[in-house]
Protein chains: 2
Amino acid sequence: MRILLVEDDPLVSDAIVRGLATAGYVVDAVGDAESVQGRLDTTHYDLAIVDLGLPGEDGFTLVRRLRRDGSSLPLLIVTARDGLDDRVNALDLGADDYLVKPFALPELAARCRALIRRATAATANEMVVGRLRIDLAGRRAIDDTGRVLELTRREWSILECLAHHSGRVVSKERLIQAIVSWDEEISGNAIEVHVSRLRAKLGDAATVRGIRGLGYRLDDA
Amino acid sequence: MRILLVEDDPLVSDAIVRGLATAGYVVDAVGDAESVQGRLDTTHYDLAIVDLGLPGEDGFTLVRRLRRDGSSLPLLIVTARDGLDDRVNALDLGADDYLVKPFALPELAARCRALIRRATAATANEMVVGRLRIDLAGRRAIDDTGRVLELTRREWSILECLAHHSGRVVSKERLIQAIVSWDEEISGNAIEVHVSRLRAKLGDAATVRGIRGLGYRLDDA
DNA sequence: GTATGCGAAATCCTGCCGCAAGGCTGGGCG
DNA sequence: CGCCCAGCCTTGCGGCAGGATTTCGCATAC
């Protein structure tokens with residue numbers, strides 16, 4: 001799961017990136033609203049976190065512009081401005097949530113989970129695919145026998161992404177974007193390697209099917 | 001837009017009902033968690049607002065129960081408990097937002113708007129031809145029996161193109177342009193081959209009729 | 001130092017693709 | 001009415017793109 005952070009204060013930005021990375025997200029940070037479009041053009045994001053007080057175009061304008069252009073990207077506003085009008089305005093412009101600084105990182109992570117969950121039509125943080133229980137908050141997968149699968153970070157990220165689109169085809173490109181941040185570059189083969197290892201660990205609890213030329217799909221069987 | 005409010009304090013409940021009514025919502029209020037299921041069984045709601053401190057079954061339990069039963073109703077928690085753990089727990093159980101009392105009615109209304117907007121935006125992009133459901137976003141076709149058709153890239157492209165002009169004749173030339181990338185060249189026979197294989201997979205869920213000298217047409221029968 | 005995760009490279013292998021050949025069909029024409 | 005032929009349908013097959021798997025070296029953490 002990949003998040004775009006728009007925050008001009010390097011200290012705050014760094015803290016958020018660090019915290020969300022611990023929570024298992026891939027986070028790309030930009031310092032101003034003007035850089036956002038370029039990022040969105042090239043990469044799929046599951047959520048954007050926007051600070052209102054930006055140099056140049058401010059957060060309000062950014063939110064309005066994104067929504068006017070038809071983007072359905074979930075938007076979480078994070079700011080020091082806690083006026084009632086600010087909150088109502090941001091939400092009515094098209095933001096999905098509004099969190100006032102200072103906030104605790106666990107709450108930010110929880111709200112991210114809730115927004116991403118809702119955007120992918122999931123309801124709770126535990127989903128069942130085949131004979132597999134997938135605990136999104138706990139970042140672990142559990143067998144039907146109760147055995148916890150020992151998944152590495154990448155393996156989990158791929159499983160999570162596939163589970164969010166269970167039964168549907170997820171392109172290899174998208175899986176790459178789900179597990180690495182923008183600056184690092186990996187070959188498409190890396191996905192094949194991780195999927196292969198994931199399959200071995202899944203056993204017959206769930207099936208990751210490769211759809212030639214399209215991507216992968218997590219099947220209920 | 002119809003909202004279900006679960007709140008035991010009559011004063012608070014009344015104030016919220018009044019405020020949201022002003023904002024244009026139809027609000028039904030109940031005083032305990034036990035009354036919720038009955039309401040949901042008889043009426044469609046776009047959102048539920050739940051107080052955590054309820055007599056009898058509390059809000060947490062209610063949220064957990066609703067999600068476990070598969071409900072996808074957007075849930076907004078409104079409570080006086082503002083501990084970090086409460087917030088994270090509620091969100092992770094399946095709530096979509098968490099607002100701490102005391103709050104301003106305009107903000108509640110704004111968050112309701114945001115949640116309902118997001119929930120109704122999830123419009124499945126699919127079309128139905130004959131006994132076939134064609135999921136454009138998921139790049140897959142589903143039988144009336146629920147069976148997912150295993151289509152190759154070319155087969156899917158042809159079906160998509162035909163479905164897009166359902167009931168009308170599509171020329172072979174156009175189908176060629178739909179499946180090959182721009183400059184590469186294939187014989188017209190290739191289309192015939194793919195159509196043949198597509199027909200075999202479609203079974204009797206839909207009919208691809210060949211119109212001599214003109215092209216192909218996807219029929220509802 | 002040891003263990004583990006990660007990804008590039010190399011190799012194996014599956015199954016898609018398009019051609020070709022032969023059967024089938026419908027319309028034109030005497 | 002029956003023949004002919006163009007155009008469509010189907011099947012088999014070789015070629016090959018690209019996914020699957022294994023191996024191995026590097027980096028990081030403990």
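Proteins get letters first, then strands, A, B, ... in listed order; numbering begins at 1 in each.
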Does some side-chain heavy atom of A/Val50 sit less than 4.5 Å from a side-chain heavy atom of A/Leu66?
-> no
Calculate the interatomic distance between B/Arg154 atom CZ and D/dC16 atom P; express it in whole Å.
-> 16 Å
If only atom types and distance count, is the side chain of B/Thr207 paired as donor or acceptor with the main-chain N or O of B/Arg209 below 3.5 Å?
-> no
A/Arg153 CZ to D/dA27 C1', straight-line distance once rounded to whole Å | 12 Å
Here the distance between atom C1' of D/dA27 and atom CD of A/Glu184, to the nearest Å, is 13 Å
Give a yes or no on whether the backbone of A/Tyr98 and the side-chain of A/Arg87 come within a donor-acceptor separation of less than 3.5 Å.
-> no
Is the closest side-chain heavy-atom distance between A/Val195 and A/Lys172 below 4.5 Å?
-> no
Could you check whether B/Arg197 gets within reach of a base, just the sugar-phosphate, or nothing at all, counting any heavy atom under 4.0 Å?
-> base
Can a side chain N or O of A/Lys172 be found less than 4.0 Å away from OP1 or OP2 on D/dG18?
-> no
Any side-chain N or O of A/Tyr216 less than 4.0 Å from the OP1 or OP2 oxygen of D/dG18?
-> no
NA contact type, A/Gly188, heavy-atom cut-off 4.0 Å: base, sugar-phosphate, or nothing?
-> nothing
note: A/Leu175, atom CG; D/dG18, atom P; distance rounded to Å ~ 18 Å
Donor-acceptor pair present, A/Arg212 side chain and D/dA17 base, under 3.5 Å = yes
Nearest whole angstrom, please: distance from the C1' of D/dG19 to the CD1 of A/Ile158.
-> 14 Å
Criterion salt bridge (Lys or Arg N to Asp or Glu O under 4.0 Å) on A/Glu126 and A/Arg133, from CA distance to verdict = CA-CA 7 Å; A/Glu126 182 167 308; A/Arg133 282 217 328 275; 2.9 Å; yes
Determine the contact category for A/Glu185: base if any of its heavy atoms lies under 4.0 Å from a base atom, sugar-phosphate if only primed atoms, P, OP1 or OP2 are that close, otherwise nothing.
-> sugar-phosphate
Find the distance A/Leu202:CG to D/dT21:P and express it as a whole number of Å.
-> 12 Å
B/Asn189 CG to D/dC9 P: how many Å, rounded?
-> 10 Å
Would you indicate whether the side-chain heavy atoms of B/Leu62 and B/Leu75 approach each other to under 4.5 Å?
-> no
Going 5' to 3' on DNA chain C, which nucleotide is the first and which the last to come under 4.0 Å of a heavy atom in chain B?
-> C/dC16 to C/dG26
Between B/Lys201 and B/Val193, whichever has its closest DNA chain C nucleotide further toward 5' is B/Lys201
Are any of the side-chain nitrogens in A/Arg199 or A/Asp219 under 4.0 Å away from the carboxylate oxygens of its partner?
-> no
